[in-house]
Undergrad: 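Could you have a look at this structure, given as structure tokens, before my questions?
Throughout, protein chains are lettered first and strands after them, A, B, ... in sequence-line order, and every chain is numbered starting at 1.
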There are 2 protein chains.
Amino acid sequence: MRVTIADVAREAGVSKTTVSRVINTKGEVDGSTAARVREVIAQLGYVPSSGAVGLARGSSRTVGMLVPSLTWPWMGEVLQGVVDTVEAADYGLLLFTCNRGAESVERFTSQVSARAFDGLVVVEPENTLDHLTALHRGGLPIVLIDDRGHHPEFPSVVTTNHEGGASAARHLRAAGRTRPLVITGPQDFGCVRDRLAGFVSVLPTDLVVRGDFTEICGRLAVEQLIASGVEFDSVFAHNDITAAGVLRALRAAGRSVPGDIAVVGFDDIPMAEHTEPPLTTVRQPTRQMGETAARMLLSHLGGTAVPDAPLVLPTELVVRHSAP
Amino acid sequence: MRVTIADVAREAGVSKTTVSRVINTKGEVDGSTAARVREVIAQLGYVPSSGAVGLARGSSRTVGMLVPSLTWPWMGEVLQGVVDTVEAADYGLLLFTCNRGAESVERFTSQVSARAFDGLVVVEPENTLDHLTALHRGGLPIVLIDDRGHHPEFPSVVTTNHEGGASAARHLRAAGRTRPLVITGPQDFGCVRDRLAGFVSVLPTDLVVRGDFTEICGRLAVEQLIASGVEFDSVFAHNDITAAGVLRALRAAGRSVPGDIAVVGFDDIPMAEHTEPPLTTVRQPTRQMGETAARMLLSHLGGTAVPDAPLVLPTELVVRHSAP
DNA sequence: CTGAAAGCGCTTACAG
DNA sequence: CTGAAAGCGCTTACAG
């Protein structure tokens, strides 16, 4: 049925060994022999079976990617970055999610043991880090894309959260804002601590409300502060979704943005362009993070030593109307 | 190094055949023998090599997914639906994109020939349909998620675009709107023709502007009509991005929404909740489309006959403030 | 109920 | 420069 290396060998009048050698350009092969083999390959439309190659070579030329969710607003960019890089290197990408708790983790582990892939890119492991560490110790190359301040044993890609927070503060300060409200994300996330520390290092404030990265937390924080008569002239929200809630609450309360209150978010998800007014925000280089992580993993698989410190990619302040 | 079936066999004092039988619960095996084998498997942490199993069985227990882009706003939901379904069936998902033109297509085809996966879910193939048809004729099971009005030889999952357009029109008519503007997507897309036909079957109009699914086209259409003094009391945009542009242009022109003009979009992407005002829109069941397509493919792989007509999933009007 | 052997489609020492 | 043979880790008739 399908064309195998044996068919090519027979047709070309050589051994399978020789065919294998011209496919992989390994070892010396006579020029005219090689040409003949290549011709037969083209003519028969032969493509080596990835399964057989993998079995014989002990590697699958496939990388795995484990993500907590595929519907987070910035996940598409990360994925695209990883896929592009992996495809360009002629690797396949096997995608896994771990949103069904223990069951998914177990299934995933079993794929690891099955050697279905050679290495793994992980995005923000929630409570699987111990597990991943065990797999890594067992020999699985892993690269992490993470902002939660984990300090894993394996290489990771992060972004400049501290500087990102600082850049938001500098921008507000330059606009003459002196009394900012900060609405954070979950405080056990490293990125949240860093964004906050960076911000207050430039623009100290005692108005810090603990949020949880949802729209509702932004809305509630603003409503409550306004209701209790607390004054502020700007808001730094730790992500764009929260900032969207802030904008909505301010509008409902009759405060103008940026006239009365300037608002800065974090992430620069697609929505940020479309809020009213469009949101000034600290852009995370999500696609680049995906590309970088994939590149690190591939070079690791290729034998290059991995960096021992996390690779840090720069954020960038994107100025729109909510804080000109 | 790694634990193989031979290790298990030796440790349990049986043949590899027997181990294979208990793993796959195939053929009769003595109860106590089976128990012993299972014990050894657990104790050694044995997991069959997916590559070897695939080679021996001639199938990979993996499905492929080919998408044009991973960063489209609704792609995350589709992907999640596919991944969840595929994982639940203990299959792996191999992800491919075709955004680098001929090169990606070629790479992808070679993976097909390499038998890297058993079946394929395709989302909106741009100009690869002929190619896919060839692969399908060559024996590759394919399920399409598509709204462009292709009529492929293989099963597909679509949504009720005609009824979706009609539901938007009924909603506007019920609100007393009589002079709607329709801004379409690319007119060679089947979904665009259907949405338009559905809409005008309920609420005829001569105000139809051809758009291209971008924000700018929505903005320009509104600006130009207003500049030329054409009156309208509502807008039906063929996707939410375009509707966002419409909202922005109306606001800039000092028209109130929905007071002066009601606006309805299509898709219900995450952004739709966050526009000003929040967007009334026709929701596409994107996640469900992913789940359904994956389920169809899996049951096809399982030997079930595939339906010959496209499977149609219902849209749903989501009412928010832009058209209450 | 169980096992020896062939086979899946490759790669890779080894020998020439 | 080339090939016969063993091996990668499984499954599956076939025979008992």
Undergrad: So, using ring-ring contact (aromatic ring centres under 6.0 Å, His included) as the criterion, who are the partners of B:Y46 when residues are at least two apart?
TA: none

Undergrad: Kindly state each residue pair satisfying side chain to side chain donor-acceptor pair (under 3.5 Å) with at least one member in residues 58-68 of chain A, sequence neighbours excluded.
TA: A:S60-A:D118

Undergrad: Tell me which of B:E28 and A:V47 sits closer to the 5' end of DNA chain C, going by the nucleotide each one is nearest to.
TA: B:E28

Undergrad: Hey, which sits more toward the 5' end of DNA chain D by its nearest nucleotide, A:G31 or B:I5?
TA: A:G31

Undergrad: Donor-acceptor pairs under 3.5 Å, side chain of residues 35-43 of chain A to any protein atom, not counting sequence neighbours: which ones?
TA:
residue: A:R36; atom: NH1; partner: A:A12; partner atom: O; Å: 2.4

Undergrad: How would you list all residue pairs meeting salt bridge (charged side-chain N to carboxylate O under 4.0 Å, His left out) that involve residues 16-30 of chain B, not counting sequence neighbours?
TA: none

Undergrad: Pairs of donor and acceptor atoms involving the side chains of residues 72-79 of chain B, under 3.5 Å and at least two apart or interchain, shall be tabulated with distances.
TA:
residue: B:E77; atom: OE1; partner: B:R287; partner atom: NE; Å: 2.9
residue: B:E77; atom: OE1; partner: B:R287; partner atom: NH2; Å: 3.4

Undergrad: Can you sort out the partners of A:R10 under side-chain contact (heavy atoms from CB on, under 4.5 Å), two or more places apart, ordered by chain and number?
TA: A:D7

Undergrad: Tell me which residues in residues 10-22 of chain B lie within less than 4.0 Å of DNA chain C, going by non-hydrogen atoms.
TA: B:V14, B:S15, B:T17, B:T18, B:R21

Undergrad: Could you work out, with ring-ring contact (aromatic ring centres under 6.0 Å, His included) as the rule, every residue matching B:H300, not counting sequence neighbours?
TA: none

Undergrad: Sequence neighbours left out, what passes side chain to side chain donor-acceptor pair (under 3.5 Å) with B:D267? Give chain and number order.
TA: B:Q284

Undergrad: I'd like the 5' and 3' limits of the part of DNA chain D contacted by chain A, with heavy-atom contacts below 4.0 Å.
TA: D:dC1 to D:dG9

Undergrad: Start at the 5' end of DNA chain C and walk down; is the nucleotide closest to B:A34 or to B:A52 reached first?
TA: B:A34

Undergrad: Using Watson-Crick pairs (N1 to N3, plus N6-O4 or O6-N4) and G-U wobble pairs, both distances under 3.5 Å, which stems of at least 3 pairs involve DNA chain C?
TA: C:1-3 with D:14-16, C:5-12 with D:5-12, C:14-16 with D:1-3

Undergrad: Give me the atom names and distance for the closest heavy-atom approach of B:P285 to B:P314.
TA: CG-O, 3.4 Å

Undergrad: Name all residues meeting the salt bridge (charged side-chain N to carboxylate O under 4.0 Å, His left out) criterion together with A:D90; count only those two or more places apart in sequence or in a different chain, and write none if there are none.
TA: B:R107

